[in-house]
Amino acid sequence: MTYVLGIETSCDETAAAVVKDGLEIVSNIVASQAKIHEMYGGVFPEIASRQHIVHVVPVLEQALAQAGLSLDQIDAVAVTYGPGLAGSLLVGVNMAKGLSFAAGLPLIGINHLEAHIYANWLDTEEEILFPVVCLIASGGHTNLVLMTDHGQYQPLGQTLDDAAGEAFDKVARLLGLGYPGGPEIQRVAEAGSPESIDLPRAWLRGTSDFSFSGLKTAVLYLIRDYEPADDLPVADLAASFQWAVVEVLVEKTRIAAEESGARQVLLAGGVAANALLRAQMAERITIPVLCPAPALCTDNAACVSAVGWFKLQEGERAAWDLDVIPGLSLVPPENG
Ligand code: KG4
Ligand code: ZN
């Protein structure tokens with residue numbers, strides 16, 4: 001039995017978790033700062049760092065308490081070192097170094113995007129069969145990658161401008177909804193009709209790339225020019241916008257899966273919590289589509305522990321000079 005303690009502070013969630021043997025969640029604590037950032041319509045970096053400093057120790061205490069374990073029963077510490085906000089990442093990395101130094105535990109640096117993918121291994125009966133096509137759709141990223149084995153990724157495509165989650169957040173703000181925008185748009189869209197307002201889709205045919213800024217701008221102009229402004233059809237706009245994003249994500253993932261000969265599709269990142277996206281992926285893609293439970297799609301530390309366990313088996317250890325890399329990519333440019 002191997003217990004990996006995971007720490008995640010890359011954006012606006014302070015999270016700690018304990019995972020047994022890479023697959024079984026023993027504890028999973030997430031302290032979200034969303035309510036604090038709501039008034040800014042997005043994450044305010046300095047406030048995020050300061051909130052991590054305030055919450056990181058209580059969150060770790062809770063993660064150990066919920067697991068019923070003390071630090072000397074933990075086998076390794078895994079921590080997100082990028083991509084993300086530098087000041088936020090620093091809090092988690094420094095905490096992890098302190099813990100690992102004090103308790104004499106191996107330290108493992110984790111790529112946040114890889115952590116999102118590995119949420120698919122947690123608390124599930126499903127067996128993952130390589131090669132798989134992964135769609136990572138979060139607030140900062142929208143990537144399609146072919147994963148041929150543990151830790152082996154070939155980039156297929158990515159967003160050329162806004163990330164899918166970023167588009168949800170920005171459009172939610174334009175519609176006067178709360179932050180984060182994804183769950184808000186999903187909620188409001190239930191009362192709207194997805195076919196009611198014709199919005200553009202950037203298909204970028206022949207590539208697995210995405211673009212969401214034109215869609216966002218189309219919504220912006222529609223709202224700006226709508227008369228009377230008080231009668232703005234918020235639910236119809238939310239539903240039509242959500243449908244436009246989902247349709248592109250599903251269709252491009254379907255084609256990538258077909259062309260790459262993947263055996264399964266894995267969904268990852270906060271946008272993968274979207275109910276319409278999950279339903280449409282399952283309906284339109286013929287090979288199995290796996291997705292983590294919604295709470296494991298958004299930022300958490302259990303998925304950091306999961307990758308940490310696989311890396312621990314491979315003998316990977318971070319040196320004491322581990323530093324944060326805000327722009328870390330899933331595939332180093334020289335391999336991609
Ligand atoms: O993965 P995540 O928690 O953080 C990042 O790594 O960015 O993703 C957060 C993003 C936000 O943009 C949020 O609006 C979006 O995921 N999101 C959703 C849903 N839940 C979260 N987007 C669409 N539908 C949802 N239900
Ligand atoms: Zn994330």
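Ligands are counted one by one from 1 in listed order, and the atoms in each one are counted from 1 as well.
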| query | Looking at Gln186, which atoms of ligand 1 are within less than 4.0 Å of one of its heavy atoms? | reply | 24 (N), 25 (C), 26 (N)
| query | Ring centroid separation for Tyr118 and His150, is it under 6.0 angstrom? | reply | yes
| request: Compare all side-chain heavy atoms of Val43 with those of Tyr179 and state whether any distance is below 4.5 angstrom. | output: yes
| Mind checking whether Gly269 has an N or O less than 3.5 Å away from an N or O of ligand 1? | no
| said: I want to check something: taking the side chain as every heavy atom from C-beta on, are Val132 and Asn120 in contact at a cut-off of under 4.5 Å? | reply: no
| field | Min heavy-atom dist His112 to ligand 1 below 4.0 Å | value | yes
| Heteroatom distance test (Thr298, ligand 1): nitrogen or oxygen, under 3.5 angstrom | no
| request: Would you indicate whether the side-chain heavy atoms of Glu251 and Trp203 approach each other to under 4.5 Å? | output: yes
| task | May I ask you to identify the nearest protein heavy atom to atom 3 (O) of ligand 1, giving residue, atom name and distance to one decimal place in Å? | result | Asp299 N, 3.0 Å
| Polar atom proximity, Phe168 to ligand 1 (N or O, under 3.5 Å) | no
| Do Asp162 and Ser213 get their side chains close enough for a donor-acceptor pair, meaning under 3.5 Å? | no
| Does at least one non-hydrogen atom of Gly181 fall below 4.0 angstrom from an atom of ligand 1? | yes
| message | With a 4.5 Å cut-off on side-chain heavy atoms, are Val307 and Trp121 touching? | response | no
| query | Is there a side-chain contact between His141 and Pro83 (heavy atoms, below 4.5 Å)? | reply | yes
| Stepwise side-chain contact (heavy atoms from CB on, under 4.5 Å) test for Ile117 and Tyr153 | CA-CA 11 Å; Ile117 293 173; Tyr153 307 95; 3.7 Å; yes
| query | Is His116 close to ligand 1, meaning an N/O of one under 3.5 Å from an N/O of the other? | reply | yes
| query | In ligand 1, which numbered atoms sit nearer than 4.0 Å to a non-hydrogen atom of Gly140? | reply | 7 (O)
| query | Ignoring hydrogens and geometry, is there a side-chain-to-backbone donor-acceptor pair from Asn111 to Ser329 under 3.5 Å? | reply | yes
| message | Using heavy atoms and a 4.0 Å limit, tell me yes or no: is His141 in contact with ligand 1? | response | no
| message | Tell me the protein heavy atom at minimum distance from atom 24 (N) of ligand 1, and give that distance in Å. | response | Asn274 ND2, 3.0 Å
| task | Decide yes or no for Leu69 and Leu5: does some side-chain heavy atom of the first lie under 4.5 Å from some side-chain heavy atom of the second? | result | no
| Does Gly165 reach ligand 1 with a nitrogen or oxygen that is under 3.5 Å from one of the ligand's nitrogen or oxygen atoms? | yes
| note | In this structure, atom 22 (N) of ligand 1 is nearest to the protein heavy atom Gly182 CA, 3.3 Å
| query | How close does the nearest protein non-hydrogen atom get to atom 13 (C) of ligand 1, and which residue and atom is it? | reply | Asp169 OD1, 3.7 Å
| said: Does Phe130 have more than 12 heavy atoms from other residues, nucleotides or ligands lying within 6.0 Å of its CZ? | reply: yes
| query | Counting N and O atoms only, with roles assigned by atom type, does the side chain of Lys97 sit under 3.5 Å from a partner on the main chain of Trp320, one being a donor and the other an acceptor? | reply | yes
| field | Distance-only donor-acceptor check, side chains Ser49 and Glu46, under 3.5 Å | value | no
| task | Could you tell me whether Gly139 and ligand 1 have an N or O pair separated by under 3.5 Å? | result | yes
| said: Going by the closest heavy atom to atom 5 (C) of ligand 1, which one wins out of Pro183, Gly270, Ser138? | reply: Ser138
| Ligand-residue contact atoms, ligand 1 with Pro180, heavy atoms, under 4.0 Å | 13 (C), 14 (O)
| So how many protein N, O or S atoms does the Zn ion (ligand 2) have within less than 2.8 Å? | 3
| message | Within the 4.5 Å heavy-atom criterion, are Leu322 and Val79 side-chain neighbours or not? | response | yes
